[in-house]
Student: 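Sending over a structure as structure tokens; questions will come in a sec.
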Amino acid sequence: MTDLPKTDLTKADFGENFTWGVAHASYQVEGSWKADGKGLSIWDTFTHGGGRIRGKANGDTACDFYNRYDSDTALVKEMGFDAQRFSISWPRVLPNGVGRVEERGLDFYDRLVDSCLEQGVEPWVTLYHWDFPQVLQDQGGWTNRSVLGWFEEYVDVVTARLGDRVKNWMVFNEPCSFVLIGHLLGTHAPGNRSLRKYLAAAHHVNLCEAVGARVVRANVEDANVGTTHVVTPMRTVGNTERDRKAKASIDAISNRIFWEPNMGMGYPVDDAPLLRGIDRYLKPGDDQDIRVDWDFVGVQYYQRQMVKPWPVPMLRGVPWISRNHREYEITAMGWEVQPDGLHEALTRWNSYNAVPKLYVTENGAAFPDHVVDGRVHDSRRIAFYEAHLRELRRAIQDGVPVGGYFSWSLMDNFEWAEGYVPRFGLVHVDFDTQVRTIKDSGYWFQRLLEAKSTEPA
Ligand code: GCO
């Protein structure tokens with residue numbers, strides 16, 4: 001395709017053993033919400049009642065990936081990627097959350113893994129990307145300490161079955177998002193707005209990071225075990241003491257609370273008075289049990305966050321978007337495009353020293369696509385990837401050990417509370433017909449990754 005923007009980036013810039021992948025998650029693509037004995041997840045119940053979802057959308061059908069995984073994986077390969085990051089739906093495998101295993105659900109992931117391997121695509125599996133079993137939610141979900149045992153059982157079932165072929169495992173996708181947005185802000189499932197629930201869930205999720213990592217290592221030979229975190233660098237307009245405290249507080253509440261306990265650094269309560277109540281959920285020995293020696297951490301970067309001082313002593317600061325300070329391009333999610341934030345995010349994680357390797361496990365953007373004569377033009381997305389890959393290259397040149405990059409996302413999918421409006425895919429999905437069309441950005445990657453071109457003339 002001769003009209004694609006040129007780039008001087010090359011695959012070789014990122015090193016020989018660099019992993020190039022795409023990412024997606026069970027609830028966002030699979031559909032088949034009641035097929036083959038699957039139990040309900042909190043996203044099924046949230047979208048069918050209670051939750052405010054744009055366009056009253058749900059994931060009942062989504063991208064029908066449950067039936068189309070084989071041809072979708074072929075698209076991954078066609079665009080030149082060699083890895084696919086996907087997640088497992090806990091209630092598909094254990095409809096009651098614990099106990100009876102639904103073999104048909106487990107078989108689906110078995111077939112998906114085999115399909116990846118047969119097509120030369122390395123499977124990277126996330127154990128939990130937000131679709132928690134509703135039956136366990138009815139018993140308190142992540143706020144109930146029994147979740148340590150429930151999660152252990154679930155991880156054991158999945159890794160015992162797939163661990164002979166899957167070597168790369170991520171315990172969680174973005175604890176910040178499902179704990180903070182789901183339990184304190186209430187706009188994601190399970191839709192709670194409770195400080196107590198947020199603190200309890202945060203501590204139990206942090207403990208489950210360690211539980212999950214331990215079970216993966218016990219069941220999988222030569223496992224590469226990590227987890228993923230969204231990294232949102234904070235910034236303020238001013239640089240007063242109040243600004244600094246505001247920034248430190250919001251950073252602690254959304255970032256450090258989920259990163260540092262696993263590295264044995266405890267909770268950042270000094271910087272965030274809001275977190276003081278977390279002590280109530282700590283038990284003797286937790287400070288040891290919570291520790292994890294990660295093989296890698298997956299850094300997920302989308303945007304920076306503007307913070308301003310707020311006269312509530314518990315909070316000190318508040319996330320804030322000021323039109324006056326919007327100096328950057330805005331995506332369809334309302335997020336500012338700030339590529340150097342990726343360099344900042346990677347550099348910050350590298351400074352922890354406790355983690356030997358980083359992967360960018362998500363990065364991407366939603367923009368409106370232009371469909372013309374069977375082609376999908378998305379020049380802004382191409383520019384976004386170009387700029388972010390430059391920052392990634394700069395981080396690698398600076399010595400940050402980054403082993404790979406995963407685009408979010410393989411294809412347009414269910415974007416949580418935003419429904420199907422924002423499109424993040426490298427592949428366009430017509431949700432009426434389920435027809436897939438590789439976008440210009442997908443062909444741009446194909447050229448970068450030097451894949452054999454199958455582009456239309
Ligand atoms: C997240 C998730 C993805 C999102 C993506 C775009 O970060 O919220 O990992 O499920 O779809 O980030 O918002």
Side-chain angles (χ1 to χ4, degrees), residues 21-31 41-43 46-47 51 53-55 57-59 62-63 65 84-90 124-132 170-189 205 226-233 254-255 258-259 297-305 319 330-338 341-342 345 359-369 378 380-381 384-385 388 405-427 429 431 441:
V22 294
H24 49 84
S26 44
Y27 188 73
Q28 295 180 278
V29 298
E30 286 177 3
S41 83
I42 55 173
W43 273 93
F46 192 67
T47 53
I53 312 289
R54 201 158 158 189
N58 58 51
C63 306
F65 182 75
Q84 185 167 4
R85 171 175 174 244
F86 58 85
S87 71
I88 310 283
S89 161
W90 183 343
W124 284 62
V125 174
T126 313
L127 285 158
Y128 182 78
H129 198 135
W130 310 359
D131 40 1
F132 193 81
M170 287 144 287
V171 179
F172 283 111
N173 181 71
E174 295 190 7
C176 164
S177 304
F178 72 89
V179 176
L180 186 92
I181 305 177
H183 295 81
L184 188 62
L185 305 180
T187 50
H188 277 189
V205 165
T227 197
T228 75
H229 291 294
V230 63
V231 183
T232 309
S254 45
N255 289 329
F258 299 105
W259 306 351
V297 159
V299 168
Q300 317 207 142
Y301 174 71
Y302 290 94
Q303 58 168 343
R304 284 202 189 121
Q305 177 69 61
I330 307 291
T331 72
M333 294 292 282
W335 298 343
E336 296 183 359
V337 178
Q338 297 174 328
L342 177 59
Y359 285 81
V360 177
T361 40
E362 280 183 30
N363 177 232
F367 290 115
D369 297 326
D378 58 343
R380 292 174 70 189
R381 185 173 291 103
F384 179 98
Y385 279 120
H388 285 75
Y405 177 88
F406 291 74
S407 149
W408 184 273
S409 182
L410 164 60
M411 56 189 161
D412 300 333
N413 58 51
F414 176 78
E415 179 54 30
W416 310 112
E418 299 302 319
Y420 292 95
V421 181
R423 291 177 173 270
F424 273 92
L426 296 176
V427 174
V429 177
F431 290 104
S441 55

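Residue numbers run from 1 in the order of the sequence given. Every number for a ligand or one of its atoms is a count from 1 in the order of the listing.
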Student: Examine distances only and state if a side-chain atom of Y301 and a backbone atom of V360 form a donor-acceptor pair shorter than 3.5 Å.
Tutor: no
Student: Name the residue from F65, F424, W416 that meets the side-chain contact (heavy atoms from CB on, under 4.5 Å) definition with Q28.
Tutor: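 Only one option passes, and that is W416.
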Student: Atom 8 (O) of ligand 1: which protein heavy atom is closest, and how many Å away?
Tutor: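 Residue, atom and distance for the closest contact: W130 CH2, 3.1 Å.
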Student: May I ask you to check whether F414 and Y420 place their ring centres under 6.0 Å from each other?
Tutor: yes
Student: Would you check whether W335 has a nitrogen or oxygen atom less than 3.5 angstrom from a nitrogen or oxygen atom of ligand 1?
Tutor: no
Student: Would you tell me which option among Y302, Y301, F424, F414 has the nearest heavy-atom contact to atom 5 (C) of ligand 1?
Tutor: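 The option holding the nearest heavy atom is Y302.
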Student: Strictly under 6.0 Å, is that where the ring centroids of F172 and F178 end up?
Tutor: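 Under 6.0 Å, so yes.
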Student: Going by the order shown, which atoms of ligand 1 are within less than 4.0 Å of some heavy atom of Q300?
Tutor: 9 (O)
Student: Evaluate E362 for polar contact with ligand 1, using N/O atom pairs at a separation under 3.5 Å.
Tutor: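 Such a contact does occur with ligand 1.
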Student: Do me a favour and list the nearest non-hydrogen protein atom to atom 13 (O) of ligand 1 with residue, atom name and distance?
Tutor: E415 OE2, 2.6 Å
Student: Provide, to 0.1 Å, the distance between atom 3 (C) of ligand 1 and the closest protein heavy atom, together with that atom's residue and name.
Tutor: W408 CZ2, 3.6 Å
Student: Could an N or O of ligand 1 be found under 3.5 Å from any N or O of Q28, whether backbone or side chain?
Tutor: yes
Student: Using 30° and 60° as the class limits, which term best fits the ring planes of F384 and H388: parallel, tilted or perpendicular?
Tutor: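 Parallel: the ring planes of F384 and H388 meet at under 30°.
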Student: Mark up the atoms of ligand 1 that fall under 4.0 Å of a heavy atom belonging to N173, in ascending order.
Tutor: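 By the 4.0 Å cutoff, the relevant atoms are 2 (C), 9 (O).
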Student: Determine whether a donor-acceptor pair (N or O, by modelled atom type, separation under 3.5 Å) exists between the side chain of D369 and the backbone of D378.
Tutor: no
Student: Once you restrict to heavy atoms under 4.0 Å, what part of Y27 touches ligand 1? Side chain, backbone, both or neither.
Tutor: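 It is neither; nothing of Y27 touches ligand 1.
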Student: State if E418 counts as touching ligand 1 under the rule of any non-hydrogen atom under 4.0 Å.
Tutor: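 Flag not set, E418 not near ligand 1.
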Student: Would you check, one step at a time, whether the test side-chain hydrogen bond (donor to acceptor under 3.5 Å, both in side chains) holds for Y385 with S407?
Tutor: CA-CA 9 Å; Y385 279 120; S407 149; 2.8 Å; yes
Student: What closest approach, in Å, do L410 and V22 show between heavy atoms, and which atom pair accounts for it?
Tutor: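 In this case the closest contact between L410 and V22 is CB-CG2, 3.9 Å.
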Student: Is there a polar contact, in the sense of an N or O pair closer than 3.5 Å, between E174 and ligand 1?
Tutor: yes
